[in-house]
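Written below as structure tokens is the structure these notes are about.
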Amino acid sequence: MAPAATFLPLAVLLPLGAAAALLMLSHWLPPRSADMAATIVSLLLAVLCGWLAWRGLDQPIVHWFAGWNPASAGRPDVRLGISFAADAPSAAVSAFYALLFAASFVFSWGYFDKVHAHFHVLMLLFLAAMIGFCLTRDLFNLFVWFELMSIAAFALTAYPLRESSLEGALNFIVTNTIASFSMLMGIGILYARTGTLDFALMAHAIAGHDGALAAGGFCLLAVALMTKAAIVPFHFWLSDAHAVAPSPVSVIFSGAMVSAGCFGLFKIVIGIFPLDRAVVAFVHDGLPWFGIVTAILGGLTAWAQRHLKRLLAFSTIAHLGIVLIGVATLTPAGEAGMLLYIGGHGLIKAALFMIAGILLARFNSCDEITLYGRGRSLWPAGLAMAVGALLLANAPVGLLYRAGDVIDHAIGWRTASVAAVLSSALTGGALLRAAARIFLGCSGAPGPERNAPTEREREKSDRPLWLMLLPCCLLLALALLPADLLEPFLRRAARTLLASSNMDAAATAALRQTLPASAFLAPGLAVGLAFLSLMRRRPVSRIARAAARLEMLPFRGLDILHSGFVTDYVVWMALGLGAIAMVFSLT
Amino acid sequence: MRIRFRAAALAASAAALFPAAWAVIAAMPPFGEHVSPYGAAVNAVVPAARHVSNMVAAVNFDLRGLDTLGEESMLLCAVTGTVVLLRGARGEGTSGSAVRLPGRAIAQRSDATILVCRFAATLLFFFGVYVALHGLVTPGGGFQGGVIIASGLLLLYLGEGYAHWRSIVRGRILSFLEGAGALLFVLVGAIPLALGKAAFRNILPLGTLRDLYAGGTMVVVNAAVACAVAGGFTLILLEFMEETRAPETEREPGEGG
Amino acid sequence: MSVLPWCVAAWLFAVGIYGIATSRHYVHLVGCLSVCQSATYVLLLAVGFHWHAGPPIFYDHPPGTPAVDPVVQALVLTDIVIGATVTALLLAIVVQAHKLSGSVDPQRLRPLRPNA
Amino acid sequence: MIWLTGIMLVIAAAAGLLVVLSRNPKRQIFALCANGLVLSLLFFALQAPDVALSEIVVGAVVVPLLFLVALAAVAVARVRK
């Protein structure tokens, strides 16, 4: 066997083995050894997956577990075993996730030393699940990793054992468990239709004959993955879970887990349904609408938040909408942009959550109004936050800007461009506003953000500041890398992958209608919005008060929508499934 | 949202979904009239290739061993999670031994009860081991056997009383068992790699069909799963039992774990 | 008869969702979640079933006798473990949340209360 | 045989409904137990003895036990308050 194929299974076996060993020895380990082991394992995985991505650029590296390769069944329509295939996009995304985990382990150094390495066990299992999810080529195996990812995330969310983290975890578990059952129903339907679980064989069986089974199976799978990816109307759990999880975990949630949902959607569309016209048409013409609504709604809601982690959570929702638009392009350029966007957004969002964690550790709060002016002594963190906010607002440097630009051109759809500009401006503006309030002490009467949910909380504070700032600044520096270093590689990777799927190219022709290019539109809007809200004075005259009340109304509505009750969320999920079925029948 | 409004919204989405759902149901293959090529191929190929008679076990432990590894990891996650969630709130100090709820009477058990429970628990334990051992031959396997062993250990609690039970069943041994089972599983996957073969590749002699030793590495995986499941489920049950009698402690708020 | 299992699966899923959406007790809600899950068991096992076939265990019958699909059964075994683990985690969190907030009503528990 | 399987399916559907409609969690535990048993019988009828065995030990014993203990824990906390 080629060396690359031999090393491929280690991408999951290594973290799983490390987690099991840590649990086994948890009562006898010296302090800090778990931190060290987890960091080293995730760095090793980043290197391994990066190498696999490079080796798999032209031809995916395939490993058939237990040696049950396609020949062993003795008939062409059956594959007995499970395979991993490290094509360049999957391996690159895995490498990126492993890198984020390493940064998060450094950030959380010494944070979780009270309980015997349990945090590290959960995180390593989480990492293994994400890598397995990216690399697998078997639908049920994909589900297993999806579920392992969820279960690890559930436990990590509730980890601080505070009231709101427990309640956020409950919402998270119930919604995501329903999502995984929906995925399993989809798998059952597709298995009934195709009689196999292997991606390539499924694609072969589905090819050509559009039918209710393939469509229904796809819709159920899409519900599950869109729930993970927090696409409206399946997004409600995210703001609850991300706002209350410990910040090193939120780093992973926003930076990696959520985008894995979009990446999984991309993988199953490319892997299983490339030749199903109805599904391709739905993905190309229907999904962008979900992305657009998500981007705008997420941006608006983020604007009206004061709790920094909740603000970041809504901004994640907004940006995931843009990633979904990238998925829907189904062209090599667009998918390369999507991959780059996952990377750029993950880096920036991880760094910003680290800053929120620093604030929590120092000041026991991450509320921009409570913290007003108290961050002056922490100016490096403030600087990093401002840089992150500008990058998130699409300032024309670094990975994220290029990624957004590429996606915009690939989808060629004016509404999508408007949504992207609006959501970038709103989220970036909200972050700039928060940074100015916390670190500069700029005032301004609070607008719609005044009534947003918030809470005082505390995270363990005896870690040195430099240790927390270091991973944050490193990630930001990576996000500032010139995109030319990565984009050609990703373009080639996406082209190879799409070519291997034989997708019907005619179905995915772009419309080519973009806004007039203007690199400074979104960041300019963001700065303007932040400036306006900091100049705001308390309304005195009757007209001003009426205007303020009028301005509150829509945000009030958004607040009522995000009620925090899981029973409501379940209803929204049912309505969302109905909406998908409707849109599917229309496209 | 009010309950009535929610029910109405659900009814609306059900109405919207009904045609689509019916289309899918109508398009499903008729019940009980075909076996998928995958399943048929497994039934045709595997008995000769692996010398085991229980195809479900063969799929679980060999063909799709990776799924089972993921499943064991989920158990690992859930165990770690419940331990963190339940023990974390009580504080580490109380985890070693039994906690008694003040004001709750210790129920005296008659000798007959203790005897019956000990007898039944031993019986259940051996039944669990039996089910686990014969997993590759008859229905059952490491998972079912492990759960039966765990419930047998719980039966011991009925007879012995809580404090004594806790002194027999120790948390750290259970978590060692759980971790060791999972690690053994991972090693079964990784060792063939060192030999230049595919992960989880069978490297032991296959044994004979319908014999207790059949299936090569599947036997090892089966044992690993039994260990992990027995340890994991007992630990989960133990932490839950502890919860019914946790003392009121002052928790320091929000001290990240 | 040929569509009955699919209808039962859809019914169980829908009923479970209804139960979750209208639940007033988190323990009840977890029970409804397991009803949703039983829909997946029924669907998967029914997909692999065949009228004229025995169990896929060749102990009493020699290999080669018609047998139902063992793959879906293995999938359902995994599914059952998932159900048990998720239930354990959920119940643990419910117990803790009840300790802190004194409520088990899903229509009262919510993270980050509104500020107003 | 056909009728037996059909009846088991219908009973399984009814048992699921029963679990959902027993709003009192203490009663729901019995419904859950019954649901687990019905499902495992159905799995036997569907020629899946392996799955039936796990459903009995998990669905009809361990999971209801967890429910019971969780309810007891909630009740203990309530008494203390």
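Labels below follow one simple rule: chain letters A, B, ... track the order of the sequence lines, proteins then strands, and each chain is numbered from 1.
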Quick one: pull up [atom1] in [X] and [atom2] in [Y] and give me the separation to the nearest 0.5 Å.
{"X": "Asn54(B)", "Y": "Gln73(C)", "atom1": "CG", "atom2": "CD", "answer": "8.5 Å"}
{"X": "Leu77(C)", "Y": "Asp67(B)", "atom1": "CG", "atom2": "CG", "answer": "11.5 Å"}
{"X": "Leu89(C)", "Y": "Met74(B)", "atom1": "CG", "atom2": "CE", "answer": "12.0 Å"}
{"X": "Thr78(C)", "Y": "Glu72(B)", "atom1": "OG1", "atom2": "CD", "answer": "9.0 Å"}
{"X": "Leu91(C)", "Y": "Glu243(B)", "atom1": "CG", "atom2": "CD", "answer": "11.5 Å"}
{"X": "Ser2(C)", "Y": "Ile25(B)", "atom1": "OG", "atom2": "CD1", "answer": "11.0 Å"}

**Study point:** Donor-acceptor pair, side chain of Asn43(B) and main chain of Val68(C), under 3.5 angstrom
**Key:** yes
**Study point:** Exam field: side chain Gln96(C) to backbone Leu85(B), donor-acceptor pair closer than 3.5 Å
**Key:** yes
Is chain C contacted by the side chain of [X], its backbone, both, or neither, given a heavy-atom distance below 4.5 Å?
{"X": "Ile236(B)", "result": "side chain"}
{"X": "Leu75(B)", "result": "both"}
{"X": "Val42(B)", "result": "side chain"}

Any [X] side-chain heavy atom under 4.5 Å of [Y] side chain:
{"X": "Thr85(C)", "Y": "Cys77(B)", "result": "no"}
{"X": "Tyr38(B)", "Y": "Pro70(C)", "result": "no"}
{"X": "Glu33(B)", "Y": "His52(C)", "result": "no"}
{"X": "Val71(C)", "Y": "Met55(B)", "result": "no"}

Where do [X] and [Y] come nearest, in terms of heavy atoms and distance?
{"X": "Trp22(B)", "Y": "Cys7(C)", "result": "CZ3-SG, 4.2 Å"}
{"X": "His50(C)", "Y": "His34(B)", "result": "CD2-N, 3.6 Å"}
{"X": "Ile57(C)", "Y": "Thr138(B)", "result": "CG2-CA, 4.3 Å"}

Practice item. Could you label the plane-to-plane angle of the Phe31(B) and Trp6(C) rings as parallel, tilted or perpendicular, counting under 30° as parallel and over 60° as perpendicular? Key: perpendicular
Practice item. Apply the test side-chain contact (heavy atoms from CB on, under 4.5 Å) to residues Val47(C) and Met28(B): give CA-CA distance (whole Å), side-chain angles for both, the deciding distance (0.1 Å), then the verdict. Key: CA-CA 9 Å; Val47(C) 163; Met28(B) 284 292 277; 4.1 Å; yes
Point to revise | Between Ser36(B) and Asp69(C): side-chain donor-acceptor atoms closer than 3.5 Å | key: yes
**Study point:** Which atoms of Leu45(C) approach chain B - backbone, side chain, both or neither, heavy atom under 4.5 Å
**Key:** neither
**Study point:** Engaged part of Ala21(C) at the chain B interface, taking heavy atoms whose separation is under 4.5 Å
**Key:** both
Review point. Chain C: which of Pro29(B), Gly70(B), Ala40(B) shares the most heavy-atom pairs with it under 4.5 Å?
Key: Pro29(B)
